[in-house]
Amino acid sequence: MRQVIQSNRTGELKVEQVPVPPLQPGRLLVQVTHSLVSTGTESMKVQTARRSLVGKARSRPDLVRQVINTYRKEGFQNTYRKVMNRLDSPAPLGYSASGIVVDVAPDVDRFRVGDRVACAGAGYANHSEYISVPMNLCAAVPDDVELDAAAFTTVGAIALQGVRQANVSVGENVLVLGLGLVGQMTVQILRAAGCRVFGMDLDPRRNDLGRSLGAQTTTPADPAMQSDVARFTGGLGFDAVLICAATRASEAIRMAADLARDRGRLIVVGIIGLELEHKTFYDKELTLTMSRSYGPGRYDPMYEESGVDYPPEYVRWTEGRNMEAVLDLLAQKKVIVEPLITHRFAFDDAAKAYDLIAGPEASSALGIVFEYAGKAERHDAIRLTRAAAMAARPFRLGVIGAGNFAKTMLLPHLKNDQRVSFEGIATATSVNASDTARRLGFRLSTTDAAQVLEDPAITAVLVATRHDQHAALTDLAIRAGKAVHVEKPLALDELELQRVTDAYRDAASPFVMVGFNRRFAPLITEMRRLLGTATPRTMLYRVNAGFVPADHWYHSPTEGGGRLIGEGCHFIDLLGFLADSRPSRVYASRMDNAGTYHDDNVCVNIEFENGSAGSLVYVAAGDTSLSKERLEVFCNGAMAVIDDFRELTFARGGKRKVIRGKQDKGHEAEMRAFVDAVTSGAPSPMPFETLVDSTLATLAAYRSVQERRPIDVPALFTRP
């Protein structure tokens, strides 16, 4: 299939051939017939991408702050990789489309193949021949609504949510400030609600259009409009002002405050500057409300991605029900979109549309509709040509999952290894699969992991998906006879772990590594050499992990498993590696009322069979301007301290040795060990029973936090 993608580095737009997105649980696969270009939101994205690096930085100071924080924690090299990866990764465009359902996930019962639907959501309702959309972001299109009109549903839902936030009633005087696409639909919805509508825009053509669609009066923003406002409102001022403009300046909010009546309501729908004048807001006791996109449920992963709806008796109008209401207004002709369509482009000519909205004639464009001709091909894999030299390399790699971590911390090291042949890559996102394959030289890009697992040419698989897929994919890869490197954690619960161990026992010559990269860090290697073989050891590991937003997938119990399981396993594994012994008992406790999740701030104490003891203090409630990790090990009259994997201090007999260098957490050595072992036929450098023990200890720590008692670590795996 084909999809519009944009280069974040140059702003160049192309219609690229990419694999069809996968049909995931809770989703519909839709063949797109029409999609709508948001001339406001999308033109801002295009213009930002076309700026220089300095221009990009000036337009996104929030991202600059993130880069600075990453540099402080991870150093220049890792920060540079992440920034370049983001710039080099293409972005999909579009968030409002319509089409025909061609496939439905088994757990979806509200839609059937052949249904006509309107679809919403950036990252879902893309400008693409096929889209995979969660069911709560789809709405059935009534028979008497054409699909080109249905493509406006998302923008209509934005307008409708703004009207709902305004809490208007029949007969109220309402100002719509900004008569772009959202503003024009807002005018019609307000008129349908029985309001007296006053429109205002700098463009006289949009003012004329606003009057034709239901505004009693429209005017440009000039001094003469004050008298028009006074006549329209009887000198009272507007009951409500909906700001649908898009400008970084704060003039729009100031004008809205001046024109509102005493105790009036201001609703921000567009993106505007918000430098407020206290006196005006105080004197009038104004109410300022932000309207969040399509309505309740927006940005809530449980609603949008997991399909959990809000009960209508408590949340009457969700984003999905707002979409249905817009379609009903379209069916009743209370909202019409034909006059809003200024341009129609064949999908093949999509780049011309973006040249238009980014060029000197941008003001002539309001509603731009892409039209998709005929039935598009549905290829779930794209085969690419590549250099013959790579095809001859002995280490034949398949990759499943290629997020930011894999692309910045793992794949660059494999790319630099002349023994590695990149064979196939599978990701859940069509654009990511296609772009990563082209940049790194894979011969196959796909959204179907089975294409990688079943490929006989692939001998080794790197699994770097989200955590909930690790165990299942590792099981399948082992049974397919592949050498496996799976990112941590190996499993999210005992049942998943049992599935992997069963596959390992059944295999003739299994090879498994887990992404416990700190085992391979140079300073850890040196620490073990200096400490020698003496045991037992006492270990203290402090991890200043930092806060992760509440809606991050890490916190999902089903997808990420929480931070203790998802990331804490790293540090628990390293304690076991340094103890050189199996964990026998774990006791973990948490800090309550920390304003974060229950496994964000934990203390984990581990007893090992050889008498060693380790303590992990993992906190999100600290200050990330200080180092992230500090490890102290005490043994046989000696002490070794690693500070953030930049410095090792070793002391024995009153003498100290200090080793300093750049931060290195072992990713490069880990990938090299993976390739070394597989190409030489050697066993995994990570004994499988230690991987199982680390996972069991982590799961025991999680259970201990829940039950507030010590947990014995069972012996799940014994290699015959």
Side-chain angles (χ1 to χ4, degrees), residues 77-78 81 84-85 88 381-403 405-427 433 435-446 449 451-465 473-474 476-478 480-488 507-522 524-525 662 664-688 691:
Q77 188 173 23
N78 286 347
R81 281 180 186 157
M84 290 301 103
N85 177 64
D88 289 334
I382 304 294
R383 301 186 185 279
L384 306 171
T385 57
R386 60 179 181 168
M390 179 174 282
R393 294 176 180 178
F395 186 92
R396 309 182 68 79
L397 180 70
V399 176
I400 304 176
F405 177 80
K407 289 193 286 189
T408 57
M409 305 305 295
L410 303 180
L411 292 178
H413 302 305
L414 293 169
K415 181 181 179 182
N416 294 332
D417 193 321
Q418 295 302 307
R419 297 169 294 175
V420 177
S421 169
F422 287 134
E423 296 294 322
I425 184 166
T427 75
D435 174 68
T436 306
R438 287 189 175 94
R439 279 200 283 147
L440 296 182
F442 285 91
R443 66 172 171 81
L444 174 75
S445 70
T446 179
Q451 297 264 357
V452 171
L453 294 172
E454 296 170 4
D455 191 326
I458 292 173
T459 56
V461 174
L462 172 65
V463 177
T465 62
L473 289 171
T474 301
L476 293 172
I478 293 171
K482 316 294 187 187
V484 188
H485 182 290
V486 57
E487 259 312 304
K488 53 80 190 167
S509 54
F511 181 105
V512 177
M513 290 178 65
V514 175
F516 295 139
N517 50 276
R518 284 159 179 79
R519 291 192 188 195
F520 299 91
I524 292 295
T525 301
K662 68 178 183 179
D664 188 340
K665 296 182 180 179
H667 297 100
E668 182 177 3
E670 175 191 33
M671 291 296 98
R672 185 168 57 251
F674 181 32
V675 178
D676 286 345
V678 173
T679 54
S680 67
S684 169
M686 309 174 82
F688 185 70
L691 304 176

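Being a predicted model, the structure only gives us computed values, none of them experimental.
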Would you indicate whether the side-chain heavy atoms of [Y] and [X] approach each other to under 4.5 Å?
{"X": "Leu397", "Y": "Glu423", "answer": "no"}
{"X": "Val399", "Y": "Leu410", "answer": "no"}
{"X": "Lys665", "Y": "Met409", "answer": "no"}

Between [X] and [Y], which heavy-atom pair has the shortest distance, and what is it?
{"X": "Phe688", "Y": "Val512", "value": "CD1-CB, 4.0 Å"}
{"X": "Gly398", "Y": "Ile458", "value": "N-CG2, 3.5 Å"}
{"X": "Ile478", "Y": "Ala507", "value": "CG2-CB, 3.7 Å"}
{"X": "Phe511", "Y": "Pro683", "value": "CE1-C, 3.8 Å"}
{"X": "Ala426", "Y": "Val452", "value": "CB-CG2, 3.9 Å"}
{"X": "Ala406", "Y": "Gly401", "value": "CB-O, 4.3 Å"}

Side chain to side chain contact (heavy atoms under 4.5 Å, CB included) assessment of Arg393 paired with Phe422
CA-CA 9 Å; Arg393 294 176 180 178; Phe422 287 134; over 6 Å; no

Nearest 0.5 Å please: distance from the [atom1] atom of [X] over to the [atom2] atom of [Y].
{"X": "Ile425", "Y": "Thr436", "atom1": "CD1", "atom2": "OG1", "value": "4.5 Å"}
{"X": "Gln451", "Y": "Leu444", "atom1": "CD", "atom2": "CG", "value": "6.0 Å"}
{"X": "Arg518", "Y": "Asp664", "atom1": "CZ", "atom2": "CG", "value": "11.0 Å"}
{"X": "Phe405", "Y": "Glu487", "atom1": "CZ", "atom2": "CD", "value": "4.5 Å"}
{"X": "Thr474", "Y": "Leu691", "atom1": "OG1", "atom2": "CG", "value": "10.5 Å"}

So if I apply the side chain to side chain donor-acceptor pair (under 3.5 Å) rule between Asp455 and each of Lys482, Arg443, Arg396, which one comes out positive?
Arg443

Decide side chain to side chain contact (heavy atoms under 4.5 Å, CB included) for Leu414 and Leu440; before the verdict, give the C-alpha distance in whole Å, the side-chain angles of both, and the deciding distance to 0.1 Å.
CA-CA 10 Å; Leu414 293 169; Leu440 296 182; over 6 Å; no

Look at the side chain of Ser680 and the backbone N and O of Ala677, then say whether any donor-acceptor pair between them is shorter than 3.5 Å.
yes

Is a donor on one side and an acceptor on the other found under 3.5 Å between the side chain of Asn517 and the backbone of Glu670?
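Checked: no pair found.
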
Reference residue Arg672; test side chain to side chain contact (heavy atoms under 4.5 Å, CB included); the match among His667, His413, Arg419
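Going through the options one by one, the only one that passes is Arg419.
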
Results of side-chain contact (heavy atoms from CB on, under 4.5 Å) for Thr465 - residues two or more places apart only:
Ile400, Val463, Gln469, His470, Leu473

Name the orientation class of the two ring planes belonging to His485 and Phe674 (parallel below 30°, tilted from 30 to 60°, perpendicular beyond 60°).
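His485 vs Phe674 ring planes: tilted.
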
Results of ring pair (Phe, Tyr, Trp, His ring centres under 6.0 Å) for Phe520 - residues two or more places apart only
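Result, ring pair (Phe, Tyr, Trp, His ring centres under 6.0 Å) vs Phe520: none returned.
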
